[in-house]
Structure formats: structure tokens, C-alpha cells
Enquirer: 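So that we are looking at the same thing, I have put the structure below in C-alpha cells.
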Amino acid sequence: MGWATLHQILKWCGFPSNFSNLLLECVVDVRFSIIINGKNSKWINAHSWFRQGCPLSPYLFILCSQLLSNSVEQRGQSLGIHISPRGPKITHLLYADDVLIFSHASSALAKALKIIVEDFCKWTGQRVNFSKSQIILGKVVRYPMKKKITKLLVFKVVKEMEYLGVKISLRKLTVADFQELLSNVMDRLNAWSKKSLSMGGKLTLIESSLLSMPNFLITHSLVPKRVLHELEKLCRNFIWHKNVGSNGMRYVAWGEICKPKSFGGLGLHSPLLRVGSLRSKLD
């Protein structure tokens, strides 16, 4: 993105000219000084846009992304879907450089969306990565319509995709879709089993690491309870596991261990007991 384009974006967003000039001065005047053997080097002027971690980066991202949101709101009023009869219409979601756009399947809406995206690319200098862009079409969409939309958008049609680690699919997710979660748990357990850990150390690792791993997935997708049962089974085996490689006797039931300490338990939080509250966002 050039400075002239950024200045124009700030003007479109309603900022006064003096604010954009001050902002651009902060960007242009960025310089570095490196500490070598306890002494500061001479100032080095930066000529490669923003430095990593620059505090201006998120603000400029919001300003640029607001152009897309305004364009969709003004020119794409027919876009979007209702996730519930009384719920608001959702047109798009933004996170970093990823964009999710929701719409009904029609060639007219596909053309309108293509024009909006192309204009946004002209304004900001950004480009669509067609190799990473995908589209999911519902089962009720007929093949001729799928072919028209695919030809217009030039996106790869898939049946499912992953976004921020969460699998998005039109079908019901099964245990096989969460094998990566169980594999990560097994990798950690294999590494911990080689160490001589006390009972307190095992409980601390389970509570701080293993039992918190599925929380994000539970709040964003319908994780089958069989996956959570398998996770608890791995935790139980790890607690009573002996260093010689055999499973020891289980002196206390898992339900008793998950009780609060005030009720005689060890305070572990069972994912199966919390699944109802974590899924409340999906209702």
C-alpha cells in the first residue's frame, strides 16, 4: 500500500488532513538503534514500511478493513445469512488477513461480491490469494448453479475447511475429525511418561495443559463426547501410570478426583462436566 493510497483511505474514513499528516510522519520517521557490546549504534532509518510489532499496524489494519465493511454494507445489502429467525444478518467476518463472507448461492450475488472485492483490492493494493481461497456450497445448490458461481469467483470448491483451528463442514463432525487433538495429547503424555513425576506434578500438568486443550474446540464446534471420554481415559492412565511401563492400581475413582477440594476431591475440571456451559455460545 502506498502513502498516497493510505492518505486517501484516511480521508475516506473521515479523518482530518492534519491527523493523516501526523500519522504518516510517524510512519516515515521510524528508525532503529542497535545495542552492541553495551553501546548504542548510530540511528538507522527504516525504509521497509512498518517494523514488526509497530503499534500503528493494528490501527491501519482496522482503517483498511473498515473500507471492506462499509462497501459490503452499502453495495452488498443482499449478501449475508441469518443463523436464526430472529438473529442478525451476518455478511462477513474478519480476522487478521482472513475474510469469511456469507451469502446465498446465486450468480447475481456472486457478481456483486466479485465487484466489491475487486474494488477493495484497487483501493488498498491488496490481492486475493486464489490458491488459498475456498468456497463451500450447500447440498441444496444444484450443479449448474455451482458451476456458474465457481466460474465467476475462480475459487476452489471444497466440502470442508479449517479456520483458526476449527473445522467448518456441512456434515456432522465425527471422532475422526478430532484425531489431531488426541494425537497432541498422546505426544505430550509420551514425553511426560519418560520423566519421574510425583502425583502432584502429574495433576498439575493435566490440569494446566491436557484438560484445557479441548476448551476452544468445544466452544466453537460440536465435539463428540466420545472424544472427551478418550481424553479423560488418557488422563486417568497417566495419573496411575508406573515408571516401569505398567498401569498401577486406581485407588480413587475419576469422579472423586474431579470434585472440588472443599468436597474431598483434587479439583480437576472434567471436560464432560463442563461441555454444557462451554457449548452455550453455540445455542
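Model, not experiment: these values are computed from the prediction. Along the sequence shown, residues are numbered consecutively beginning with 1.
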Enquirer: Under 3.5 Å, sequence neighbours excluded: what are the donor-acceptor pairs made by side chains of residues 139-149?
Expert:
none

Enquirer: Can you find a heavy atom in the side chain of Val227 that is under 4.5 Å from one in the side chain of Thr174?
Expert: no
Enquirer: Among side-chain atoms of Thr91 and Glu73, is any donor-acceptor pair under 3.5 angstrom?
Expert: no
Enquirer: Ser270 versus Glu232: any side-chain heavy-atom pair under 4.5 Å?
Expert: yes
Enquirer: Verify, without hydrogens or angle tests, whether Ser71 (side chain) and Leu67 (backbone) share a donor-acceptor contact under 3.5 angstrom.
Expert: no
Enquirer: So, do Ile34 and Trp43 sit near enough that their side-chain heavy atoms are less than 4.5 Å apart?
Expert: no
Enquirer: When you look at CG of Leu170, are more than 12 heavy atoms from neighbouring residues, nucleotides or ligands closer to it than 6.0 Å?
Expert: yes
Enquirer: Rounded to the nearest 0.5 Å, what separation is found between the CG atom of Asn237 and the CG atom of Leu189?
Expert: 9.0 Å
Enquirer: Taking NZ, NE, NH1 and NH2 as the nitrogens, is one of them in Asp177 or Arg171 under 4.0 Å from a carboxylate oxygen of the other?
Expert: yes
Enquirer: Calculate, to the nearest 0.5 Å, the distance between atoms CG and NE2 belonging to Leu113 and His92 respectively.
Expert: 11.0 Å
Enquirer: Does the side chain of Leu222 come within less than 4.5 Å of Leu173's, by heavy atoms?
Expert: no
Enquirer: Tell me yes or no: between the side chains of Arg75 and Asn70, is some donor less than 3.5 Å from an acceptor?
Expert: no
Enquirer: How would you list, by chain and number, every residue that makes a salt bridge (charged side-chain N to carboxylate O under 4.0 Å, His left out) with Glu207, sequence neighbours excluded?
Expert: none
